[in-house]
Amino acid sequence: RPSERLVDAEFAADGTLGFGTSAGRIVTLKGAESREIATVAGSVRAFATAPDGSRFAAATVNGLELVGRDGTKNALPAIKSVWELHFSPDSSRLLASRAGTLDWSGDRIDGYANLLDATGTVLATRPHAVAGRGPGTVQGGADFVAGGALFWNPDGSGTILDLATLKPTKTLRGHVAPIREIRLSADRTKATTYGDDDTLRVWNVTAGTGAPVTGRSATPTAACFTADGRKILLGDTEGRLQLIDPVDGAVSDLPFQSTANADEIRVLRDGKLALFSATGQSNLRGDVRHAQVRDLRALGTGAVAGTGLTHAFSSDGRFAFVVNGTYSRSGFRNLANPRAYDGKRPDFVDIPQDVAFSPGSARALVHLAQNSEGSGAALYDLDSMEPIAIWKMNQKESMGQCALSPDGRTAAAGWLELETGKPRIVLWDAEAGKLLHDIGPNKEYFTGFDFSPDGSRLALSADSRIRIVDVATGKDLAVIP
């Protein structure tokens, strides 16, 4: 609806998606069918779907409401300021965590977590401390683990509460300050936490033991287990994303284009893809947020160090290109044969600007700020990882984007002329390194371009218009306002 936004969403085990909105609506979606279940009193600020799909929990400024799938509601106005909700795996219990706060003098106001049954009766309440170094509201730390409910205490320790007896069974000790976040493995037998003491720890919650994770240098800002529970994906204050093995301490940097803190990390259940989101510095429109999806298979033995800037994959999934903050570590990855490129490295002496894979051939075009002979671009054969052609640019021009035709023979390149400030887009014979057509300059900066499946046309967005260009002649076939 107009001016309404999605606040939070969660799937039930049967694939039903439940979500809450800023207008207080609770809606389910399964396949193409959506159904409005109920409307709660106030904008939803936290939401959870029971795994069996029987009920939903929605927190607003007016309190907590439990909503049945039939629309029946149970209002709990005494449970306010909730920022985090978790149903137990069997849907019989709910954890509602109230965030602690920091006032402007830096004093901590601790929050608490309520354990409720299906009827909304509070079974237990445990305090927990806010974590953070500045004024504001921070989410709490409580979740269901194998063997009970895990609560994090103001002193940085964790307590596991038995759900039947409601008595503590284990205490997790190691942190010396309040934690910022807890993340669980898929089977809920492991937990990873980081806190105000700048340490990252991994826990065996079944045994009640834990150990610090080494091999990192900056303050953690987000963490998540891989699908198999063996490694941890970690974001830090330097804008890096790392894959850490807590057993042997091995660390691999993941490609990620960010100068901001990663604040959310998720991994799909099949373990192949990871989603990272980050919040950058504020501008006039608010915080700058972005998200990226990365294929974890691209790491393999070809994992590299340095701050990642861009990542690309061939359409057949055989090849990847990793650009890192240090040009000497940038290059191709053969995902089918990780050792294929040992001893072979493109001739980069600066950070590559862009890469384009040919959809129909084992070729890739790399835009270079510089190689050993100056700025330009290089066409590579991916089976041999040898350059087919290298073509140069004027040193007063700055590379921007590139695209490669399906047969790998024609390249499109766009850049900004540094002297005039005008953007240009050209078509090149990629094999001969010969200019075919100059289809610019443009009045405004272009935002993207791509070849048609047969390679005969180029679609580009420039000057607030969409242009369809004939590759053979370089002339416009159509201009769409």
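The basis for the numbers below is simple: all heavy atoms, side chains too, and nothing from hydrogens, waters or symmetry mates.
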Worksheet item: How far does CD1 of Ile37 sit from OG1 of Thr72, to the nearest 0.5 angstrom?
Response: 10.0 Å
Item to complete: Taking all non-hydrogen atoms of both residues into account, name the closest pair between Ser452 and Pro406 and its distance.
Response: O-CG, 3.7 Å
Worksheet item: Under the salt bridge (charged side-chain N to carboxylate O under 4.0 Å, His left out) test, which residues partner Lys73, sequence neighbours left out?
Response: none
Worksheet item: Can you tell me how far the CZ atom of Phe451 sits from the OG atom of Ser405, to the nearest 0.5 Å?
Response: 5.0 Å
Response to the item:
Of Val40, Leu85, Asn114, Asn74, the one forming a side-chain contact (heavy atoms from CB on, under 4.5 Å) with Leu64 is Leu85
Worksheet entry | Test side chain to side chain contact (heavy atoms under 4.5 Å, CB included) applied to Ser22 - qualifying residues, sequence neighbours left out | Glu4, Arg5, Val7, Ser43
Discussion item. Going by side chain to side chain donor-acceptor pair (under 3.5 Å), name the pairs with one or both residues in residues 59-69, residues two or more places apart or in two chains.
Written reply: Thr16-Arg69
Fill in: Side-chain donor or acceptor of Ser185 paired with backbone N/O of Lys190 under 3.5 Å
yes
Item to complete: Give the ring-plane orientation class for Trp152 versus His175, where under 30° counts as parallel, over 60° as perpendicular and anything between as tilted.
Response: perpendicular
Discussion item. Quick check for you: to the nearest 0.5 Å, what is the distance between Thr21 atom OG1 and Asp8 atom CG?
Written reply: 11.5 Å
Fill in: Closest contact, heavy atoms only, Gly414 versus Phe449
N-CZ, 3.7 Å
Worksheet item: Counting distance only, does the side-chain N/O of Glu10 pair as donor-acceptor with the main-chain N or O of Thr49 below 3.5 Å?
Response: yes
Fill in: Test salt bridge (charged side-chain N to carboxylate O under 4.0 Å, His left out) applied to Asp143 - qualifying residues, sequence neighbours left out
Arg188
Fill in: Contacts of Asp90 that satisfy salt bridge (charged side-chain N to carboxylate O under 4.0 Å, His left out) - sequence neighbours left out
none
Practice prompt. Starting at CZ of Phe56, measure out to CD1 of Ile26 and round the result to the nearest 0.5 Å.
Written response: 8.0 Å
Item to complete: Return the set of residues passing side chain to side chain contact (heavy atoms under 4.5 Å, CB included) with Ser91 (not counting sequence neighbours), or none when no residue passes.
Response: Ala50, Pro51, Asp52, Arg55
Worksheet entry | 4.5 Å side-chain heavy-atom contact, Leu163 and Leu123 | no
Fill in: Non-hydrogen side-chain atoms of Leu234 and Thr192 separated by less than 4.5 Å
no
Worksheet item: Looking only at atom types and distance, does a side-chain atom of Thr189 sit under 3.5 Å from a main-chain N or O of Thr206, one as donor and one as acceptor?
Response: no
Worksheet item: Once you round to the nearest 0.5 Å, how far does OG1 of Thr209 lie from CG of Asn204?
Response: 4.5 Å
Worksheet item: Going through the checks in order, is the side-chain contact (heavy atoms from CB on, under 4.5 Å) test met by Leu166 and Leu115?
Response: CA-CA 10 Å; Leu166 302 180; Leu115 176 65; 3.8 Å; yes
Fill in: Interatomic spacing from CG in Asp162 to NZ in Lys170 - rounded to 0.5 Å
9.0 Å
Worksheet item: Counting only N and O atoms by type, is there a donor-acceptor contact under 3.5 Å from the side chain of Asn153 to the main-chain atoms of Asp155?
Response: no
